[in-house]
Amino acid sequence: MKRSFNITGACNPQEHYMVNLDSRLAEIKKMVDSGKYFVINRGRQYGKTTTLNALENYLNQDYIVVSMDFQFLDASDFENKETFVTAFAQELSELVDGEYQISKELTEQLRKIADGADGFTRMANLFKWISL
């Protein structure tokens, strides 16, 4: 198949001309391995989605990679920290339920957080459990 220049969405290296992402992915993986946070931000058509798709494939060997789209949360889910944590945990628990090999304990904790049970609506509690 002849490759082309893509200007409308995520690139596929088999279909589109694109910059080699190997060094960028290795750099990001070092940050992930050391537990550092990072942000991928740029204007439209700079390769954010392409980079994230490639990063998912790159990290799948060593990590459970879960992709979430916040567009599907309701505006009320962002009203305050508690509602966000509950909505986030609910979305995450639905995504990981049956699709990923995670511990039963983590699955149970996500459900408790999603239900707002036992005061688990704190962001720190959510991140503690998903970081295990």
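The figures that follow rest on heavy atoms only: side chains count, while hydrogens, waters and symmetry mates do not.
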Would Phe38 and Ile28 count as a side chain to side chain contact (heavy atoms under 4.5 Å, CB included) if you check the C-alpha gap in whole Å, the side-chain angles of each, and the deciding distance to 0.1 Å? CA-CA 8 Å; Phe38 62 94; Ile28 295 171; 3.5 Å; yes
Is a side-chain donor-acceptor pair under 3.5 Å present for Thr50 with Asn53? no
Point-to-point distance, once rounded to the nearest 0.5 Å, from [atom1] of [X] to [atom2] of [Y]:
X	Y	atom1	atom2	value
Glu15	Lys2	CD	NZ	14.5 Å
Thr51	Leu21	OG1	CG	5.0 Å
Phe72	Glu91	CZ	CD	9.0 Å
Tyr63	Glu56	OH	CD	15.0 Å

Check against side-chain hydrogen bond (donor to acceptor under 3.5 Å, both in side chains), Thr8 and Asn6: CA-CA 6 Å; Thr8 60; Asn6 180 21; 3.1 Å; yes
Single-linkage hydrophobic cluster Tyr46~Val19, side-chain heavy atoms < 4.5 angstrom: no
Which heavy-atom pair separates [X] from [Y] by the least distance, and what is that distance?
X	Y	value
Asn12	Gln14	OD1-OE1, 2.6 Å
Ala10	Thr49	CB-CG2, 3.9 Å
Thr83	Ser76	OG1-O, 3.5 Å
Gly43	Lys48	O-NZ, 2.7 Å

Side chain to side chain contact (heavy atoms under 4.5 Å, CB included) between Asn60 and Tyr58: does it pass, once the steps are laid out? CA-CA 6 Å; Asn60 266 337; Tyr58 191 79; over 6 Å; no
So do the side chains of His16 and Arg3 get within less than 4.5 Å of each other, counting heavy atoms only? no
Are side-chain heavy atoms of Val65 and Asn57 found at a separation under 4.5 Å? no
Measure the acute angle between the ring planes of Phe70 and Phe88, then classify it against the limits of 30° and 60° as parallel, tilted or perpendicular.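 Taking Phe88 first and then Phe70, their aromatic rings lie parallel (interplane angle under 30°).
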Decide yes or no on side chain to side chain contact (heavy atoms under 4.5 Å, CB included) for Leu55 and Val32, but give the supporting numbers first. CA-CA 11 Å; Leu55 184 61; Val32 171; 5.6 Å; no
